[in-house]
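Read the structure below first, then the notes.
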Protein chains: 2
Amino acid sequence: MIKIVVTDDHKLFRIGLAELLKKQKDFNVIATFSDGEKFLDFYTKSQDFDIVLLDINMPNIDGIEVLNKLRKIKSSVKPIIISMYDDGNYIAKCSKNGAYSYLLKNTDEEELIKAIRIVAKGKKYFSSLIAEKMVNFMATQSVSENLLSNKETEVLLLISKGLTTKEIATQLFVSTRTIETHRANILKKLEVKNTAQLIKKASEIKLI
Amino acid sequence: MIKIVVTDDHKLFRIGLAELLKKQKDFNVIATFSDGEKFLDFYTKSQDFDIVLLDINMPNIDGIEVLNKLRKIKSSVKPIIISMYDDGNYIAKCSKNGAYSYLLKNTDEEELIKAIRIVAKGKKYFSSLIAEKMVNFMATQSVSENLLSNKETEVLLLISKGLTTKEIATQLFVSTRTIETHRANILKKLEVKNTAQLIKKASEIKLI
DNA sequence: ATCTATATCCGTATAAATACGGATACAAAA
DNA sequence: TTTTGTATCCGTATTTATACGGATATAGAT
């Protein structure tokens, strides 16, 4: 029996997905969550499952952060990313952070089930399309991955959500000057001169 | 028996949704399609269904265009929009173009089923949250085909290129106050509060 | 053991954006 | 014809962002 947890902020999607998976006799969807934070809360209480299906774009704690945390604590739970974006940067990032598979939201049922069975056995599964995107990306611009520090990425995300420097500072429990410095460094690294260009560039290279 | 067609470009979503709906004895999901064009192709051959669940953002022909076409030919098929965006403009536009309901992708199963049953009887269904967003939007803005005026679009493009208000004013041979007013109006129309959110939203809804 | 990157903090100053007001001219739509 | 939307302009005030300068502590890499 393969025990599965689903985490996606779109309720209709995650319960639909759970419904799909339930059709497999040896699959057991034990819980679903609307964001990474709720999932991690659950995880601290119970690690009795094999696979977590994770969306990338979620409120509070996103899929990539979840991957990170699971990797850091050397969790035995195997994460599978289900994203709507077939972007090389995303794929590479997820793979690097310990994802066992990367599926698109428009893959079909058979591939999803196949991926889950493969991952449950401890093997990784990346379709040829996804693997190709990842390789292409890493060949050309592996630099962009560690362009920004973790903290800078965190700040960038909050900027993109429309928070002001002051609001970000409050939320991260640091002074506004610290955030201002982060902003300045982010602008410098992305070679832009203001917020508008920053957000545009960041979405172009799928940093947000 | 309520006959339903599902149209959404994310296969996992639409088959998951179909699976959910199949649990209702009196629901019959007769077909699913990946975009508006494929759905309309099918529609020309068969109109033997009651409800179509439509995503907005789809390749080729999007949900709003489908609404338009169905309305123009006075189709008896009742369209329900299922979108990830709770945007006032989207909601108002869909309502204006004949949607019987507007649901978010994170509504729950019960509400989806309730909406379908209500719509099947020929009534419209908009949750209080959605109705409120629509009313708020319509109170302040008129629902135009083009959300932004030509001038506003021009200004938005220059903002996204990183020009400051002063630079834009110089380039367009008008005063900075004029550009400031345009900026304020753009923010209002897109329901955002600052440049960061503006650029993010504008790229999300493909305005830039 | 030393160097480097990161994360944190501070001061001073200016530029820019946002939030309130309000107004006029013109063209298009109702 | 009246109303509505667009484009233009203005004042005042506050809040944010950006640009300089410089500093310390720590962890990781060489």
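Residue numbering restarts at 1 for every chain, and letters A, B, ... go by the order of the sequence lines. What you are looking at is a predicted structure, and each value in this text was computed from that prediction instead of being measured.
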(request) Verify the neighbour count for atom NZ of A:Lys124: are there more than 12 heavy atoms of other residues, nucleotides or ligands below 6.0 Å? (result) yes
(request) Using the side chain to side chain contact (heavy atoms under 4.5 Å, CB included) rule, take A:Gln171 and A:Leu158 through it: C-alpha gap first, then chi angles, then the decisive distance, then the call. (result) CA-CA 9 Å; A:Gln171 186 161 328; A:Leu158 295 174; 3.7 Å; yes
(message) Can you confirm if the NZ or CZ of A:Lys38 lies within 45° of the ring axis of A:Phe33 and under 6.0 Å from the centre of its six-membered ring?
(response) no
(message) For A:Phe13, does the six-membered ring have the charged nitrogen or CZ of A:Lys105 within the cation-pi criterion, i.e. under 6.0 angstrom from the centroid and within 45° of the normal?
(response) yes
(message) Nearest to the A:His182 side chain among C:dA19, C:dA7, D:dA17, which nucleotide is it?
(response) C:dA7
(request) Check whether any side-chain N or O of A:Thr178 sits under 4.0 Å from OP1 or OP2 of C:dC9, and answer yes or no. (result) yes
(request) Write down the distance between CD (A:Glu152) and C1' (C:dT6), rounded to a whole number of angstrom. (result) 8 Å
(request) Could you tell me whether the side chain of A:Thr176 reaches within less than 4.5 Å of the side chain of A:Glu180, counting heavy atoms only? (result) yes
(request) Figure out the CG/C1' separation between A:Leu198 and D:dA17, and round it to whole Å. (result) 12 Å
(request) Quickly work out the A:Ile168 CD1 to D:dT15 P distance and round it to whole Å. (result) 18 Å
(message) Using a 6.0 Å cut-off, check whether atom NZ of A:Lys161 has over 12 heavy atoms from anything other than its own residue.
(response) yes
(message) Does A:Asn185 reach a base, just sugar-phosphate, or nothing at all? Heavy atoms under 4.0 Å.
(response) nothing
(message) Looking at B:Thr195, I'd like to know whether one of its side-chain N or O atoms comes within less than 4.0 Å of OP1 or OP2 on C:dT18.
(response) yes
(request) Assign a letter to each nucleotide of nucleotides 21-27 of chain D from its 5' end: B, base within under 4.0 Å of a protein heavy atom; S, sugar-phosphate only; -, no contact. (result) B------
(request) Return the nearest nucleotide to the side chain of B:Lys166; candidates are C:dA16, C:dT18, D:dT16. (result) C:dA16
(request) Specify the angle, to 10°, made by the local axes at the two ends of the helix from C:dA1-D:dT30 to C:dA30-D:dT1 when five pairs are taken at each end. (result) 60°
(request) Specify the separation, in whole Å, of atom NZ of B:Lys189 and atom P of D:dG5. (result) 10 Å
(message) Could you go through A:Thr7 and A:Phe42, starting from their C-alpha distance and side-chain angles, then the distance that decides it, and tell me whether this counts as side chain to side chain contact (heavy atoms under 4.5 Å, CB included)?
(response) CA-CA 11 Å; A:Thr7 306; A:Phe42 171 79; over 6 Å; no
(request) Looking only at side-chain atoms of A:Ser175, point me to the closest of D:dC9, D:dA7, C:dC9. (result) C:dC9
(request) Find the distance A:Lys188:NZ to C:dT6:C1' and express it as a whole number of Å. (result) 13 Å
(request) Inspect the surroundings of NZ in A:Lys193 and state if more than 12 heavy atoms from other residues, nucleotides or ligands are less than 6.0 Å away. (result) yes
(request) Starting at atom CD1 of B:Ile179, determine the distance to atom P of D:dC10, rounded to an integer number of angstrom. (result) 13 Å
(message) Could you tell me how far apart B:Gln197 (CD) and C:dA17 (P) are, to the nearest whole angstrom?
(response) 16 Å
(request) Determine, stepwise, if the pair B:Lys133 / B:Asp86 fulfils salt bridge (Lys or Arg N to Asp or Glu O under 4.0 Å). (result) CA-CA 8 Å; B:Lys133 293 244 177 199; B:Asp86 64 345; 3.3 Å; yes
(message) Can you identify which nucleotide, out of C:dT18, C:dA7, C:dA16, has its nearest atom closest to the B:Arg183 side chain?
(response) C:dT18
(request) Looking only at side-chain atoms of B:Glu180, point me to the closest of C:dT18, D:dT8, C:dC10. (result) C:dT18
(request) Give a yes/no on whether any side-chain N or O of B:Thr165 is located under 4.0 angstrom from OP1 or OP2 of C:dA17. (result) yes
(message) Side chains of B:Arg183 and B:Thr195: any donor to acceptor distance under 3.5 Å?
(response) yes
(request) Round to the nearest Å and state the distance from A:Glu154 atom CD to C:dA7 atom P. (result) 9 Å
